[in-house]
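Working notes, beginning with the structure itself.
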Amino acid sequence: MDGDKRMGDIKIAKAETRLPTRQMIVVFIVEVCEAVQITFTMPFLVDMVESFSKTQDSAQVGQSVGMLGASYFFAQLISSFAWGRLSDVVGRKISLLLGMIGTIVSAIMLGMSTTLSLAIAARLLNGLLNGNIGIIKSFLAEITDGSNRVRGFSLLSLGWGVGAAIGPLLGGLLAHPTESLPSIFGGSHFLERYPFLLPCLAVSIVQVATFLTTTTLMIEPRRTGKSRLDESSLQSKLMGTVPSNSSNATRVQVKPGILGRFQAKPGILGNISRYSLSACLAYGILSLVNSVDQLLIVLLMQRPRDNGGVSLSISEAGFILSTSSLLMFVSNMFLPSLSKRFGKFNLLNSGLVLLAFITFLTPILSEIINDMLHSVSSSVLSAIGSSLLWILVGMRQLITVSMFSIVLVLVSNSASPTNIGSVNGIGQSLASLLRALGPIFAGQLWVVTRNIVGLHDKSSLLMLESEASSSSSLIANQLAFTAPGIMILAFLAFIKSMPRSLEHPWRSDRNLNLQGTFNATAT
């Protein structure tokens, strides 16, 4: 009811358009592929940095991990808008295929890196040569309408969840294969020299399979023609300038300013409206919050107890990160119906409040989990601790992926059919910038909070000069996780300032009865 009023008494169709199955298969597989190539380094990132030099102290390792983790996103900052513009010109399909080729080359380069500089160069190359995350969102926006866009983006998030489950699993199981899989690779001197090549090769194989699938199934969407109204056509219909020789004329009353958010102000970004920039900024801020929180969770899982961590191995951390991603299926099941019932902004606000609560509570929960995991008197307590850690990580992923689904819908709703690629390129650039800053900030935050409470390092981030008390670890973790908690609350305030008209799609021609003439009058 409220949505109808905001759109100027325009009636929104209730029936949901069926998603194109063949095209959605492509969207799903490409998103899985992208999630795999981004997340597969998470379990072995610290181990890789430490393998480059055994003489680094804690601060150096933390800085190096942050730089390596951020390098891909810095490159995405530079390239995303260009990839979005390119896909508007040459098409989504060819742009996606070029990005996959770039990832194959850069993944192999990463696996054969023997220095930090080479590893960073490989991830930079990956980010420069692949703009597929933004491109696939533009493609999805073009094959959906207002009735099924939330469901489409929830399937996109489901693909991310599957990829986020596969990526850490590949990284955790296949890194150091001569040690983790000695019966198969025990005698390979080549893999001893390049202990991280095997997971990189696995990622390349996933990219090749996705390349073949995209080539076979994807159909380039039409951006002009009878199936879509361009900007001037839609505006002329709404303003009553359509020839009146059509039958079944429909009289619609439109409130003044309904087209305001679609009319861009001239400037450096051309026809990108301030509403699009607002939605893109929301996407960027959420990406920053997620990247900081995600790295802190990885540090929490893999650091020793006297450093405030849970002291999990690479394979154990990879298993929890991958299997807890399965909770993202819940988002795909319920998010579309919840969005229709409560509204996108209400769901987003509720999710942020819940995520802030979990973030502030994480240090206390981690202390309880730590005691249970390392209980020598009861294996039952250890199993309960593992389950609680799985739930803690999984709930964060469930809430975060749901919020990303909603924010991406808002970004798509803000763009017109003619600049959707550019808008998603801007959104991806902002997200990449803040995702690049996130790991650097989180790495430094971890080191600084350890130093504040007197947890000084001996030679590396994993080896400390003296054992810290449980209370010191709790204080350090509380300080560390307070930062993303405050960021979440600030983001909540920003969301509340965004225009609620973004609940509705720009391409309202699919929701309106445009079979006849529109005679629009201001009310």
Side-chain angles (χ1 to χ4, degrees), residues 42-43 45-47 49-50 56-70 288-314 316-317 320-321 355-375 382 385-386 388-393 395-396 400 437-490:
M42 289 173 57
L45 201 60
V46 176
D47 195 46
V49 168
E50 291 188 327
Q56 299 181 92
D57 60 22
S58 170
Q60 290 174 326
V61 171
Q63 291 170 357
S64 297
V65 169
M67 290 171 58
L68 182 56
L288 172 65
V289 172
N290 177 242
S291 63
V292 172
D293 183 71
Q294 193 174 52
L295 187 57
L296 286 177
I297 285 293
V298 170
L299 291 168
L300 185 68
M301 288 194 294
Q302 292 191 267
R303 292 300 166 271
R305 297 187 69 187
D306 53 12
N307 191 221
V310 181
S311 192
L312 298 182
S313 66
I314 293 177
E316 289 171 333
I320 289 179
L321 287 169
L355 184 61
F357 176 75
I358 293 175
T359 301
F360 285 121
L361 202 60
T362 294
I364 297 175
L365 293 177
S366 67
E367 286 297 314
I368 298 172
I369 291 170
N370 218 337
D371 291 338
M372 289 183 172
L373 282 175
H374 300 283
S375 174
S382 180
S386 297
L388 288 176
L389 181 59
W390 187 90
I391 293 172
L392 177 64
V393 176
M395 285 299 297
R396 306 172 96 91
T400 302
L437 297 176
I440 296 175
F441 174 70
Q444 290 296 320
L445 185 63
W446 184 270
V447 174
V448 169
T449 52
R450 307 306 103 171
N451 291 336
I452 288 176
V453 297
L455 302 180
H456 301 292
D457 297 312
K458 184 175 182 181
S459 60
S460 80
L461 198 60
L462 297 176
M463 298 294 296
L464 298 177
E465 187 174 10
S466 62
E467 252 190 58
S469 66
S470 177
S471 60
S472 296
S473 297
L474 176 60
I475 293 171
N477 288 339
Q478 195 68 64
L479 289 172
F481 280 91
T482 295
I486 293 174
M487 292 164 65
I488 293 169
L489 295 179

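Positions are given from 1 along the sequence.
- Annotation: side chain to side chain donor-acceptor pair (under 3.5 Å) contacts of Q478 (sequence neighbours excluded): none.
- Between L479 atom CG and L474 atom CG the span is 9.5 Å, to the nearest 0.5 Å.
- Listed by chain and number, the residues in a side chain to side chain contact (heavy atoms under 4.5 Å, CB included) with L288 are S291, V292, L434, M487 (sequence neighbours excluded).
- Distance check, rounded to the nearest 0.5 Å: CD1 of I369 to CG of L388 gives 5.0 Å.
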Test side chain to side chain contact (heavy atoms under 4.5 Å, CB included) on T449 and N477 and set out the steps. CA-CA 7 Å; T449 52; N477 288 339; over 6 Å; no

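- A search for side chain to side chain contact (heavy atoms under 4.5 Å, CB included) contacts involving T400 returns N290, L355, F404, not counting sequence neighbours.
- When all heavy atoms are compared, the tightest approach of M372 to G385 is CB-CA, 3.8 Å.
- Taken from CH2 in W446 to CG in L295, the straight-line distance is 9.5 Å, to the nearest 0.5 Å.
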Between T362 and L296, is a side chain to side chain contact (heavy atoms under 4.5 Å, CB included) present by the stated rule, with each step listed? CA-CA 11 Å; T362 294; L296 286 177; over 6 Å; no

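- Contact check for I297 versus F481: side-chain heavy atoms found under the 4.5 Å cut-off.
- Residues forming a side chain to side chain contact (heavy atoms under 4.5 Å, CB included) with L365 (at least two apart in sequence, or on another chain): L361, L392.
- In terms of the side chain to side chain contact (heavy atoms under 4.5 Å, CB included) criterion, residue partners of L45 (sequence neighbours excluded) are, by chain and number, T41, V65, L68.
- Partners of D293 according to the side chain to side chain donor-acceptor pair (under 3.5 Å) rule, which considers only residues two or more places apart in sequence or in another chain, are R396.
- Taking both residues in full, the closest heavy atoms of T359 and G485 are given as CG2-N, 3.8 Å, listed atom of the first, atom of the second, then distance.
- Rounded to the nearest 0.5 Å, atoms CD1 (I364) and CD (E367) are 9.5 Å apart.
- Atom CG of residue L389 and atom OG of residue S366 lie 9.0 Å apart, to the nearest 0.5 angstrom.
- Pairing each heavy atom of A356 with each of L489, the nearest pair is CB-CD2, 3.9 Å.
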